[in-house]
2 protein chains.
Amino acid sequence: MGEARWGPRERMVFSAAQLIRRDGVAATGMREVAAHAGAPRGSLQHYFPGGKEQLVNEAVGWAGRYAGKRIARFLAGLERPTPSGLFAAMAAQWTDEYAADGFTAGCPVAAATVECAAAGGSTREAAAAAFATWRSPLAEALAGMGVPAARAASLATLMISTLEGAILMARAERDTAPLRTAVRELGPLLDAAVAPAP
Amino acid sequence: MGEARWGPRERMVFSAAQLIRRDGVAATGMREVAAHAGAPRGSLQHYFPGGKEQLVNEAVGWAGRYAGKRIARFLAGLERPTPSGLFAAMAAQWTDEYAADGFTAGCPVAAATVECAAAGGSTREAAAAAFATWRSPLAEALAGMGVPAARAASLATLMISTLEGAILMARAERDTAPLRTAVRELGPLLDAAVAPAP
DNA sequence: CGGCTACTATGACAGCGGTCATACCCGGCT
DNA sequence: AGCCGGGTATGACCGCTGTCATAGTAGCCG
């Protein structure tokens, strides 16, 4: 993804997301984020006066927007758009990354949820917002393929849940099988939801 | 679950799982585990000379065995065993807990995976083993309901993936809707996999 | 040129984490 | 009794973390 001509602030948010994806929220230090972004340490308290919590929240928000935008891209990449094809493209992003770079990173929103949902902070809300930002265009895409609106929302939730869990299992087992299984098993169900043309 | 007449060692493993479930691995301190278990601090280095990593691994292993054993219990609780009924029971454990105690805790295996999969330690293997311990009896249960063996393994993986992801989303949004959606949408697919009786 | 704002640069601090070292208790065994 | 090993109890250490405080620089504006 583009990493070059961004301001230091955006680089730090991006780096934070990257590191959280790999090591989790607690194990990611502020100094480490600055170093990874090639940004001066002093900029942290300048751009993120809210401290670590603000930085994490912005990283989570960035991830949610990124996932949301990818939906449109995946959709554009399919010649014959179907729900199963879209889901396969979503999963392929992960299988490709794992095949290329190893199973070092997961979803930053998942990490933030696991580590911050119990603590009363605002990060949980950021994670919820990220999921919403992700699910909304996905449901819209399904509706555009002929899935009834009510069903589209449910299936979008199901797709994200399954993908998120498959990512988890894939990382634990160092094997993309859970991702491929999810695509294979869920595909027919998704395609069956398109309203039958009379 | 039974918490009373256990040895201090088991209490510590149980407490570790409990705290990891809530706050994650990194945010759970050794001293906190001992305090939560009502065990003396000095017992930590006695029972777990491998340090925190060993304690976490045992907690994850405990969670995996617990989940595996629950499958048999759920199965026994169904008068007419069906795949969808089993999945509904698995999800109901979470919806019930969330309705009763709030969304304070998730799955400890998920937490360990998210936080320890990148770090080269042995915890990732413990998480993989826990998933295997969970999936194996689940696949067996599906096979016992008439699902062909090859398919049963795939569906077991799918069920755990979806459940795990739904737990994640439910915690983030403080809403059991993702869990209920997973049950509603996945149920028919699961039941359709039972081999048609001739 | 002065002055102001945006940003950078360091250093210090207080807290907490896991781990090691050491000493203590106490029941059982011989 | 004497010993011993499983378990307990503390205290100290060191590294790290997030945060604050303070000072410094760059560049625009008047």
Side-chain angles (χ1 to χ4, degrees), chain A residues 5-60 108 111-112 114-116 118-124 126, chain B residues 5-60 108 111-112 114-116 118-124 126:
Chain A
R5 286 301 165 265
W6 284 353
R9 192 181 198 282
E10 280 142 324
R11 283 210 315 271
M12 285 196 273
V13 172
F14 179 79
S15 289
Q18 199 101 342
L19 294 172
I20 289 170
R21 229 160 79 78
R22 185 158 71 203
D23 302 319
V25 173
T28 297
M30 302 283 271
R31 292 163 172 83
E32 194 185 356
V33 171
H36 183 275
R41 225 189 71 202
S43 300
L44 279 171
Q45 85 181 264
H46 185 71
Y47 290 114
F48 309 96
K52 187 175 187 178
E53 184 168 352
Q54 182 186 357
L55 178 58
V56 170
N57 291 0
E58 298 209 20
V60 168
V114 162
E115 297 189 56
C116 308
S122 61
T123 303
R124 195 217 95 241
Chain B
R5 285 301 164 264
W6 284 353
R9 193 182 197 282
E10 282 142 322
R11 281 209 317 270
M12 284 195 273
V13 172
F14 179 78
S15 288
Q18 200 99 342
L19 293 173
I20 290 171
R21 230 160 79 79
R22 184 159 69 202
D23 301 320
V25 173
T28 297
M30 302 284 271
R31 293 165 171 83
E32 195 186 354
V33 171
H36 184 274
R41 226 189 69 200
S43 299
L44 279 172
Q45 82 181 265
H46 185 71
Y47 290 114
F48 308 96
K52 187 176 187 177
E53 184 168 351
Q54 180 185 359
L55 178 58
V56 170
N57 291 0
E58 299 209 20
V60 168
V114 162
E115 297 190 56
C116 307
S122 61
T123 304
R124 195 219 95 240

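In what follows, chains are A, B, ... by sequence order, proteins preceding strands, each numbered from 1.
For dC7(C), the OP1/OP2 oxygens have no side-chain nitrogen or oxygen of Ser43(A) closer than 4.0 Å.
Regarding Arg9(B), its CZ atom lies at a distance of 14 Å from the P atom of dG6(D), rounded to whole Å. Nucleotide dT19(C) holds its C1' atom 14 Å from the CD atom of Gln54(B), rounded to whole Å. We find that CD of Glu32(A) is positioned 9 Å from P of dG18(D), with the value rounded to whole Å. In this structure, Met12(A) atom CE and dC7(C) atom P are separated by 10 Å, rounded to whole Å. If you measure from atom CZ of Arg31(A) to atom C1' of dC13(C), you get 11 Å, rounded to the nearest angstrom. Atom CE of Met30(B) is separated from atom P of dA9(D) by 17 Å (rounded to the nearest Å). In this structure, Leu44(B) atom CG and dG6(D) atom C1' are separated by 16 Å, rounded to whole Å. When rounded to the nearest whole Å, the span between CG of Leu19(B) and P of dG18(C) equals 11 Å.
Closest contact between the side chain of Pro40(A) and the listed nucleotides dT8(C), dT17(D), dA12(D) involves dT8(C). When each of dT8(C), dT8(D), dT19(C) is scored by its nearest atom to the side-chain atoms of Lys52(B), the top-ranked nucleotide is dT19(C). Comparing dG18(C), dA21(C), dT8(C) against the side chain of Pro8(A) picks out dT8(C) as the nearest. Relative to the side chain of Tyr47(A), the nucleotides dG17(C), dC7(C), dG18(D) differ in distance, and dC7(C) lies closest.
A residue-by-residue look at Gln45(A) and Ala26(A) shows that Ala26(A) has its nearest nucleotide of DNA chain D further toward the 5' end.
Side chains of Leu19(A) and Arg22(A) form a contact here, defined as non-hydrogen atoms less than 4.5 Å apart. Between Glu32(B) and Asp23(B) there is a side-chain heavy-atom pair separated by less than 4.5 Å. Arg21(A) is listed as a side-chain neighbour of Pro108(A), based on a closest heavy-atom distance under 4.5 Å.
A distance of 8.5 Å separates CG of Leu55(B) from NZ of Lys52(B), quoted to the nearest 0.5 Å.
Interface remark: the Arg41(B) side chain does not form any donor-acceptor pair with the dG18(C) base, using a distance-only criterion of under 3.5 Å.
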**Prompt:** Would Val13(A) and Tyr47(A) satisfy side chain to side chain contact (heavy atoms under 4.5 Å, CB included), going step by step from the backbone distance to the final call?
**Reply:** CA-CA 10 Å; Val13(A) 172; Tyr47(A) 290 114; over 6 Å; no
